[in-house]
Undergrad: 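Shown below is the structure under consideration.
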Amino acid sequence: MSATSQEAAAGNEQVVEFAIGGMTCAACSTRLEKVLNRQPGMQANVNLAAERARVRLAAGVEAAAVVAAVAKAGFSATPVDAGTREREKAAKQAAYAQELRQFWIAAALTLPLVLQMLWMFPADGHGHAELPRWLQLALATPVQFWIGWRFYDGAWKALRGGGANMDVLVALGTTMAWLLSAVVTLFGLDEHVYFEGGAAVITLVLLGKLLEARAKARTSEAIEALIRLQPKTARVRREQDGAVVWRELPVEALMPGDVFLVRPGEAVPVDGEVVDGASSVNEAMLTGESMPVGKAPGDRVFAATHNGEGALTCRATGVGEQTLLAGIIRLVGEAQGSKAPVQRLADQISGIFVPVVCSLALATFVGWWLAGAGFATALVNAVAVLVIACPCALGLATPTAIMVGTGQGARAGVLVRNAEALERAEKIKVLALDKTGTLTCGEPQLTDLLPRAESSDAVLALAAALEQSSEHPLARAILHHFTVDRKNPQFLPVRDFRALPGHGVEARVTTPSGERQLRLGSPVWLGLADDPEVKRLQQMGKTVVVLAEWPGAQSVAESATESAALQAAANQVEANPAAAGPTVLGVLAIADALRPTSRAAVARLRAQGIRVVMLTGDQALTAAAIAAEAGVDEFRAGILPGDKASAIGELRAAAQAMDAKALVAMVGDGINDAPALAAADVGFAMGAGSDAAVEAADLTLIRSDLHGLADAIDLSRATLGKIRQNLFFAFIYNVLGIPAAAFGLLNPVIAGAAMAASSVSVVSNSLLLKRWRAGR
């Protein structure tokens, strides 16, 4: 199975992506989607702009069955694999070159026919400037049946498959004009001929297709740019005859665990972890962050990011389809191929559009003929109706905007899972924020160190000695602070270490001045619960620990048994520890610090008219402090992980009581946030969060910055605005154009030009989304 095939969540289903050839308008994609969905065991989504079909196959259904069904419908299908993009690009370039040659030939043959309308040739006996009719027949016939053969071929395949498309309209209209003119010429009838009409329509439609193809190619530039960023080779460490050598190998040859070298100025070939060296890496292409990120041993690096001034030796952790870049390309491709709910109306109209237009053309012909206008006039007006009513613009309105919008999102570090999520993001009225790892950094940090009976350095060294054997998050914060600026941190020796859950730790620490009995733990345990400085720090939402010494006191660890030790600790908590004569050496405050950008991001969200609510399991005092610091007016504290989904439901009910269309979004980063993310109307996951959160979310913020949330909502609004504009242009074009043609106000040549312009204008309007920029 191809690289883009995926095992579905249920049973042995699989999702396979196919490159589709032969689609010319929205009626084609709509009909093909219906054909595939009627097949047993198939669920398809066909995208005209991307020329892709994503098909969910039930267990036992092979990809070959899809290819056969597509071929029967008059199109071609090829399963997408790792090399499909390059092959498809080469094939499109070759087809474009051939169509460009045909267009110039058609233009050369059509130009004399059109110029005669400008009175550039001698007048004939009827006082009308025109070429000899035999010459007009000779010029128009190759354009009609050679250059225009593609329309006959497409029309036949569509009709054979039980549908109709743009090719039917063009082939029918131009053939009627050519046939009437040919009969008049061959039989020498005294009637006007319309060779220029059919030839000009075909030439202009070809021109429109060429311009449309160029514009559509630009809609996928975001993915192409990402693909080009990854280097083709890597310097990989290998052992040869007992010696280490560095070999230049193709990126595809790397395996997880391989050690590779990234020299200054080079791009990182695959995802990995730094094992040696220090440098700064520009990750803007993944995260949108313009400032380089410092890298040292233990830090992660990602494929296609750009190394700065230092050399990095890294160990590969993700290669091939397992890199972050490959995941981004895959997600963006899936999003670009998906359909937004707003497209359903366009699809429904496209499905019946061509038969309705044919009926209107027939009614136009009959009406003019019965009105006494003559056969030729009636036919010309009917042809104008057929030509102007191309449904191309209608089919391109939504997918082109989605393709550009999701590509721009990827550049800004916002990954959109599907078009429906992008559309829903526009309607968000309430946003529930998880605190830890979302508003905050997710890593406790030592924020305050208040020495009492020792210096700051001594307090930190003693606290680090006590915590060096602990796995508690608060211990990690103290240890990180102690080691961050020390290349080879030296810990003081300890013995008789004991951790008392809920209270703290104690041990005997050997210092240059002798052995000391120390305890590090909660203010309650160490008798400082009412200390003014402790209270002040706690009111700021920080966790406070106290370092104290009991000279000559018996260690709890010296009690005979574990139960006796716990009982001794309990007795000490109940009694007044201060009476035992402890010496408070220092007070340390630890907090999960607010992300530097959180307050500004919350302000942006509120400016967008979104009500921001913080959900946290913390106590109310801590929650209030963090909410105030972040600029969040509303919060819910003490919420257990399993209750977050219920909180989302309550927020939705309250919001929809005031606005039935209001949606509630949730942003989180942890496994415990996954149920709430799934329960929300729109789920956002922080990119550095757990895989479960990312899988449950509709959008992922790679940069782990809440500004990305505001960017995603802004992008959603911009994209939906373009879609509405495109649909308006497409509908108004037909609403005004068809009646004008039916009432004889449009020449078929003008109708053909307008039809070509409509598709190009819709795609060009979508490309204006490239001006969108993430706001910071």
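For clarity, every value in this text was computed on a predicted model and none was experimentally measured. Along the sequence shown, residues are numbered consecutively beginning with 1. We use all heavy atoms of the structure for the numbers below, so side chains are in, but hydrogens, waters and symmetry mates are not.
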Undergrad: Give, for atom CG of Leu699 and atom CG of Leu422, the distance between the pair rounded to the nearest 0.5 Å.
TA: 7.0 Å
Undergrad: Heavy atoms, side chains only, cut-off 4.5 Å: are Arg52 and Ile20 in contact?
TA: no
Undergrad: Measuring from atom NZ of Lys429 to atom CD of Gln656, what distance do you get when rounded to the nearest 0.5 angstrom?
TA: 12.5 Å
Undergrad: To the nearest 0.5 angstrom, please state how far the CZ atom of Arg56 sits from the CD atom of Gln14.
TA: 10.5 Å
Undergrad: Check whether any side-chain heavy atom of Thr174 sits under 4.5 Å from a side-chain heavy atom of Val383, and report yes or no.
TA: no
Undergrad: Under a 3.5 Å distance rule, please check whether Glu33 uses its side chain to pair with a backbone N or O of Val46 as donor and acceptor.
TA: yes
Undergrad: Going by the rule salt bridge (charged side-chain N to carboxylate O under 4.0 Å, His left out), which residues pair with Lys427 if we only count those two or more places apart in sequence or in a different chain?
TA: Glu423
Undergrad: Can you tell me how far apart OG (Ser761) and CG (Asn726) are? Round to the nearest 0.5 Å.
TA: 8.0 Å
Undergrad: With a 4.5 Å cut-off on side-chain heavy atoms, are Val404 and Thr400 touching?
TA: no
Undergrad: Measuring from atom CG of Asn37 to atom CD of Gln43, what distance do you get when rounded to the nearest 0.5 angstrom?
TA: 6.5 Å
Undergrad: Under 4.5 Å between any side-chain heavy atoms of Thr719 and Trp772, yes or no?
TA: no
Undergrad: Specify the closest pair of heavy atoms between Val16 and Leu57, including all atoms of both residues, with the distance to one decimal.
TA: CG2-CD1, 3.9 Å
Undergrad: Provide the closest heavy-atom pair for Gln408 versus Leu715 in the form atom of the first, atom of the second, distance.
TA: CB-CD1, 4.5 Å
Undergrad: Minimum heavy-atom separation for Ala742 to Trp368, with atom names?
TA: O-NE1, 2.6 Å
Undergrad: If you round to the nearest 0.5 Å, how far is NZ of Lys34 from OG1 of Thr30?
TA: 7.0 Å
Undergrad: At their closest point, which heavy atom of Val414 faces which heavy atom of Ala712, and how far apart are they?
TA: CG1-CB, 3.7 Å
Undergrad: May I ask you to test the Ile428-Asp681 pair for a side-chain heavy-atom distance under 4.5 Å?
TA: no
Undergrad: List in chain and number order the residues that pass salt bridge (charged side-chain N to carboxylate O under 4.0 Å, His left out) with Arg424, two or more places apart in sequence or in another chain; answer none if no residue qualifies.
TA: Glu420, Asp698
Undergrad: Given side chains that start at C-beta, do those of Gln39 and Val35 come closer than 4.5 Å, heavy atoms only?
TA: yes
Undergrad: Are the side chains of Phe18 and Val70 in contact, using a 4.5 Å heavy-atom criterion?
TA: no
Undergrad: Looking only at non-hydrogen atoms, find the nearest pair between Gly744 and Asn381 and report the distance.
TA: CA-OD1, 3.3 Å
Undergrad: Mind checking what makes salt bridge (charged side-chain N to carboxylate O under 4.0 Å, His left out) contact with Asp714, not counting sequence neighbours?
TA: none
Undergrad: Which pairs would a plain distance check flag for residues 98-108, meaning a side-chain donor or acceptor within less than 3.5 Å of a matching protein atom at least two apart in sequence or in another chain?
TA:
from, atom 1, to, atom 2, distance (Å)
Glu99, OE2, Arg150, NH1, 3.3

Undergrad: By ring pair (Phe, Tyr, Trp, His ring centres under 6.0 Å), which residues pair with Phe743, not counting sequence neighbours?
TA: none
Undergrad: side-chain contact (heavy atoms from CB on, under 4.5 Å) with Gln725: which residues, sequence neighbours excluded?
TA: Lys722, Phe729, Asn765
Undergrad: Between Glu17 and Arg54, is there a donor-acceptor pair closer than 3.5 Å when you use the side chain of the first and the backbone of the second?
TA: no
Undergrad: Answer yes or no: is there a side-chain heavy-atom contact under 4.5 Å between Thr175 and Gln144?
TA: yes
Undergrad: Which pair of heavy atoms, one from Leu113 and one from Ala199, lies closest together, and at what distance?
TA: CD1-CB, 3.9 Å
Undergrad: Return yes if some donor-acceptor pair links the side-chain N/O of Ser716 with the main-chain N/O of Glu426 below 3.5 Å, else return no.
TA: yes
Undergrad: Count the heavy atoms belonging to other residues, nucleotides or ligands that lie under 6.0 Å from CD of Gln608, then report whether that count exceeds 12.
TA: yes
Undergrad: What orientation do Phe145 and Tyr152 show, parallel under 30°, tilted 30 to 60°, or perpendicular over 60°?
TA: parallel
